[in-house]
Amino acid sequence: MIGKGSLVDRTEPLLGLPFAAEGKAVLMERALASAGISVVFQDPDLSIVYAENLPPHFEGIAVPGGSDAELFGEAHGANLEALKARVLETGAPASTEVDIAIEGEMRTYELKIQRVGVEHVTGVLSIITEVTEVRHREKVLKSLLRELSHRSKNLLAIIQGIATQTARNTLSLDGFLVKFRGRLQSLSNSQDLVTDSSWRGAFLFELAQKQFAPYWPEMAGAVPIFGTNIHLTPNAAVHLGLALHELIVNSASHGTIAHGTPSIALDCQEAALSGRRAIQISWIEILNDKSEVHEFSDNSFGKTVLERVVPSSVNGKAELNLLPGRIEYRLTIPDAEFEILKRAPQMVATR
């Protein structure tokens, strides 16, 4: 015997009496039961001779002399018999899976099949394991990976579009880098919210706060955000974030944020679009000079984003009005791109 604390010579076999055959059988049965593994042995004619640790569904139908068709149904039974016949003939192990409806739920079982005997073949042994949950997790993971790939391609397409359009509307490399980095950061901020929500989307107020935060003057107080705090789809969140970024940067460069006395209101109200339920998000900016008509150059990427890119991406419509002393932007988004989870009007601050 090996006492407590003694050293073991791992190069030599362990001392002691071997288990009796009966003891080994008991240990094997316990191991099979705890591992959820079933064993079925069939003779060369593929009649069931022995079965151990079967799930409850199979216990009443696995009888000596029974067949695979009785266990798994006619279609699966025919396929299994053909497969096992090949294993008996060639001696090459095989594996397969079968799906069975049990109490209205599809269950998946994996069968590993091998021949018993070499010179004298006594039958075929099937080791059966339920893999329903494993296969379900694999399907979910594959679905998530496909979704991630799809979204990644969309983001890359957006980034490529931003880079191309920014370059077309910028005269210098330094100007390009400043604008491109700002737009890329805006995209990143929106994407962070989407990712944090497990790709479910983002709330409008939180999205607006993220976009305003780098530009809003600390002494200016709260940014007035009114109306319904809708929950946007990932697609709508990313593109609305780009629209807000263009409006905010424009104000920080030429409008009221630049003067340190911003007069901006962001409002979200229920509306209709082509007979469908929709939401309208409005940006109203009151300029310091009441006679000024703000200039968005005709080929400006910001103007293109607001009037074409964003509404097209959310299947909505947009209107940009540059009036004396005012900038008005209204974006209407159909109900496929948002949910209303809380209807009570709200107003929040960015700080």
Side-chain angles (χ1 to χ4, degrees), residues 143-169 178-216 223 225 227-252 266-268 273 278-283 300-320 329-341 348 350:
S143 176
L144 290 174
L145 290 174
R146 285 195 297 269
E147 181 68 12
L148 179 60
S149 175
H150 173 70
R151 293 185 186 278
S152 297
K153 290 177 181 177
N154 284 347
L155 280 176
L156 289 173
I158 292 171
I159 293 169
Q160 184 179 31
I162 290 173
T164 302
Q165 293 299 326
T166 302
R168 286 178 180 173
N169 293 279
V178 170
K179 292 180 180 179
F180 181 67
R181 286 169 180 165
R183 286 162 179 160
L184 205 58
Q185 185 60 53
S186 166
L187 184 64
S188 175
N189 289 339
S190 300
Q191 190 59 43
D192 282 345
L193 294 176
V194 172
T195 303
D196 289 344
S197 71
S198 299
W199 298 88
R200 288 190 294 271
F203 283 98
L204 169 63
F205 289 2
E206 189 175 4
L207 178 70
Q209 291 167 21
K210 276 273 192 182
Q211 298 297 333
F212 269 111
Y215 303 96
W216 192 256
V223 175
I225 305 177
T228 304
N229 189 15
I230 57 172
H231 188 264
L232 298 156
T233 66
N235 174 64
V238 167
H239 286 92
L240 180 57
L242 290 175
L244 289 173
H245 174 77
E246 296 302 324
L247 291 165
I248 293 166
V249 168
N250 179 70
S251 181
L266 188 67
D267 190 21
C268 179
L273 180 63
I279 206 83
Q280 186 176 84
I281 300 170
S282 302
W283 167 287
S300 161
F301 177 54
K303 194 168 185 288
T304 301
V305 167
L306 294 171
E307 292 185 320
R308 293 168 52 191
V309 175
V310 171
S312 173
S313 299
V314 299
N315 296 313
K317 70 174 185 177
E319 183 180 359
L320 176 64
Y329 179 68
R330 293 179 175 83
L331 175 65
T332 305
I333 302 175
D335 56 2
E337 295 287 350
F338 71 88
E339 291 181 281
I340 298 179
L341 303 179
V348 299
T350 60

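- In this structure the side chain of Phe301 never reaches within 4.5 angstrom of the side chain of Lys179, judged on heavy atoms.
- One distance of note links CD of Glu339 with CD1 of Ile230; it measures 10.5 Å at 0.5 Å rounding.
- Phe203 pairs with exactly one of Asn229, Leu193, Leu232 by the side-chain contact (heavy atoms from CB on, under 4.5 Å) rule, that one being Asn229.
- Between Val314 and Phe338 the shortest side-chain heavy-atom distance does not fall below 4.5 Å.
- Residues meeting the salt bridge (charged side-chain N to carboxylate O under 4.0 Å, His left out) test with Glu337, sequence neighbours left out: none.
- In this structure, OG1 in Thr164 is found 11.5 Å from CD1 in Ile159, a value given to the nearest 0.5 Å.
- Distance check, rounded to the nearest 0.5 Å: NZ of Lys317 to CG of Leu331 gives 10.5 Å.
- The two atoms that bring Gly316 and Pro334 nearest to each other are CA-CD, 3.9 Å, heavy atoms only.
- Contact annotation: the side chain of Leu266 approaches that of Leu244 to within less than 4.5 Å [non-hydrogen atoms, C-beta and beyond].
- Rounding to the nearest 0.5 Å gives a distance of 6.5 Å between CG of Leu184 and CD1 of Ile162.
- The shortest non-hydrogen separation linking Leu207 to Gly241 is CD2-N, 4.0 Å.
- Rounded to the nearest 0.5 angstrom, Tyr329 OH and Leu306 CG are separated by 5.0 Å.
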* **Candidate pair Gln191 and Val194, rule side-chain contact (heavy atoms from CB on, under 4.5 Å), full reasoning** => CA-CA 5 Å; Gln191 190 59 43; Val194 172; 4.0 Å; yes

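- Under the 3.5 Å distance criterion, the side-chain polar atoms of Ser312 are left unmatched by any main-chain donor or acceptor of Val309.
- In this structure the side chain of His239 never reaches within 4.5 angstrom of the side chain of Ser190, judged on heavy atoms.
- Val238 is not listed as a side-chain neighbour of Pro234, based on a closest heavy-atom distance of 4.5 Å or more.
- For Phe205 against Gly227, the heavy-atom pair with the smallest separation is CZ-O, 3.7 Å.
- The nearest pair of heavy atoms linking Ala278 to Thr332 is CB-CG2, 3.9 Å.
- Residues Gln209 and Trp216 are not in side-chain contact: their nearest non-hydrogen atoms beyond the backbone lie 4.5 Å or more apart.
- A 4.5 Å side-chain heavy-atom check between Ser186 and Leu242 finds at least one atom pair inside the cut-off.
- Glu246 and Asn250 share no side-chain donor-acceptor pair at under 3.5 Å.
- The shortest side-chain heavy-atom distance between Trp283 and Ile248 falls under the 4.5 Å cut-off.
- To the nearest 0.5 Å, atom NE2 of residue His245 and atom NZ of residue Lys210 are 14.5 Å apart.
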